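Read through the structure below, which is laid out as C-alpha cells, and then see the notes.
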Amino acid sequence: MKKILPIVICALLSTNLYAQNDASMGIIPAPVSVEKHSGSFILDKTTLLVSAHAENARVADLLNAFIASKGGFALREVKSPEANHKAIVITSEGADKLPEEGYRISITKDKFLITGKGAGLFYAVQSVMQLLPEKQDGKITVPAADINDYPRFKYRGMHLDVGRHLFPVAFVKKYIDMMAQYKLNNFHWHLTEDQGWRIEIKKYPKLTTIGSSRNGSVIGNYPGVATDDKVYKGFYTQNEVKEIVAYASARYITVIPEIEMPGHGSAAIAAYPELSCFPNEDTPTDPKAPWAGSRKGKQVQQTWGVHQDVFVPTENTFKFLEDVLDEVLVLFPSKYIHIGGDECPKDFWKRSAFCQDFIKKNNLKDEHGLQSYFIQRIEKYLNGKGRSIIGWDEILEGGLAPNATVMSWRGVEGGIASAQQQHDVIMTPGSNGLYFDHKQSNSPDEPLAIGGFAPYTKAYGYDPIPAELTADQQKYIIGVQANLWTEYIESPEKAEYMVFPRMFALAEIAWTQKNRKDLKNFSEERLPLHLARLDKTNTNYWVPTPIGQNDKVLKGSQFNIELKVPVEGAQIYYTLDNYRPSESAALYTGPIKVNVPEGKKLNLKTIVITKSGKRSVVTQTELNNGAPDAPAK
Ligand code: ACM
C-alpha cells in the first residue's frame, strides 16, 4: 500500500487574535514601521483629547466621533493636558520634520501622542481608528507602540466611470470616504463617454438635455443579446460637482475630471453633430448590437466598446472644447485635467477630406500625427491656464505633448516609454490586476463582468516601478491607480462588490514601502478585520474564499483540512457529497478529517457566509487518492 502523508491545508480558526498578533496592528495600508512595546494605554471616558491648534480641530472631532461610536463615550476636548488625566494628544509640533503626508504615533501607558500636519495628521487619525481594539468592560485597551509612516507614492488614485452608469452623489461621497480611509488621494472622475455626458456645461445645454440620455442599454456582454429598451439618463449639476470637490478636499483627496477627446465623444456629438467629421451621417452602430428606438441621425451609444464617430479638428471643435474646459477649470481646482486620448479610431479622419487636408496643411505625418496635434493643442491651452494634462497611454502615438503625464493602462510598456522620455507616469495596467471591472474569481457564481481575471492578490503582487527603468527614470513613476469601468456595473452595490477588497490591495501597493508588503499577513490577519467592518457598515464586497483552501486537486488518502474564515465573524459551511453548500450544510468548527479509499476521490465544497449574510463563491477542492483524472462527480 502506498504511504501518503496527511495533508494539512492551513492554520487555526481564530477571531480575536487577528489585530493583536498583527505586525501592522491591523492597519491597511501597512505603515513604514510599527514597534510594539509592553504595556498598554487604557482609553476610557476619563481620557482627555488634547488638541492645541485650531487647524487640527476637525481631525480631533473626527477621532472623537469615532471613539464615541466605538466606545460609547466621547472624550472631553481641551487645548492643553491636565494633571491626573491621561490624554490622547493631537499635535503638529515637530511635524515639519516629517516626510510629506507622513505622521507618527506613540502609544505608552500614560500618553497617546499623534503627530502630523494637514494630510499627515488626517492619515494618522485614520490609522488610529483602524488600530483601536474593541471595547471591553467600558474601556479600550490599546497596546503600546511607536508607529512611523509616510507614503511610497505621492499619487494614489481610484477612478470611477460615470459615463456608462451613473452613481448618486451620496455614493460618490461614500467612495471618497473609503478612499480617504485607505490613504488614497486622487479621485479620477471619468465624466464623458459615448454612452452619456455627465457634467452640466452651462454654455452647451444640449450636452445634458440630449447627451446625457440614451434610449436603452444592452443586456449581457458586448455587443449584447437584447436591449432593456429603457431610457437611461442623468448628469451631475455644477452645484453637485462643487459639493463633491469640496467633500473630497476636506478628506485630502483631489478630484481630477476627465473630459474625453478626441474619441469616446458620441454623446457630445449627438448633442452637437457639427463636432463630427460627418455631421449629416447617422451615428455608426454595430448591426449586431440590439438597439432601442431610432438608429437615424446622431445617437448616444447604447452598447459598449469603441466607436468611430470622433471629434473633427475644426476651429469650432477646439472652441467648444476650450469653452467646456473653461467651465471645468472653475469647478475643479486640481493641477491635473485628464483629457482622455485613448481608443480614438482613425477611420473617420482617414475618410474625411477636411481631416486629410488638415494633416497636409499642418505638416502632420498621418492620423496619429493628428491625434498628437489635437492633444498638444489642448495641452497648450490648459498649460496657459496653469494646469497640466494627464492622458491615457495612446497619447504617446505621434509624439507626446511636451508636459503631459501618462496613464499606462495597456500594460506597463507605455509607462516605461514615457518615463524614458522623462514624462511623469501613473501606472494603471489592466494586465496587473488594476482593472477592477475584471472578475475576481473564475467561479460561475461571479456576476456579469467584462471578463478578465483579477483577484485582489494580483493587484497586491504588482510593483508599480518597472524593473526596466534606471534609478533616474524610476523617479518619473509618480504613482498608481485602479480603474472602475462601469459597463457592467449598474448599481452602487455592484460597484462596491467589484471594488472591495481590491481597493485595500491598491492602497497597500500605493502607500506601503515595498519591503513591508506581506501578502500572507494582509490576507490572513488584516483583511478579515477590514472586511468585517464593511460587513457592519452596509457596504457590499467580494467575500474571499476560506483561507487555506484553493481549487486545486489534493492527492492523498487521509486529509486533515484546517481552514480559517476570511472575514472575522463569518462561518464556513461545507459538503463532501457534491451538493452545493449553504446554511443547511455542515458548519466548519475544526479540522475536517476525511479518509479517501484508494482509487477514489471526492469534492470538498465550501461557502463562506458572513454575519450580514453575504456569501462567497463556492470553492471546490478535489481530494484524490489515485483516482483517474476525470473530475470527481
Ligand atoms: C481605457 O481603459 N480605455 C483607458
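Counting starts at 1 for both ligands and their atoms, following the listed order. Keep in mind it's a predicted model, so treat the numbers as computed, not measured.
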Salt-bridge contact K319-D323 (side-chain N to carboxylate O under 4.0 Å): yes
Passing option when E260 is tested against D194, I339, D342 for side chain to side chain contact (heavy atoms under 4.5 Å, CB included): D342
Test side chain to side chain contact (heavy atoms under 4.5 Å, CB included) applied to L534 and M178, E496, K614, the passing residue: M178
pair L191-E258: side-chain heavy atoms closer than 4.5 Å: no
Salt bridge flag under 4.0 Å for residues R351 and E281: yes
4.5 Å side-chain heavy-atom contact, E508 and R516: no
Contact residues of ligand 1, where a non-hydrogen atom lies under 4.0 Å away: D342, E343, W392, W409, Y435, W485
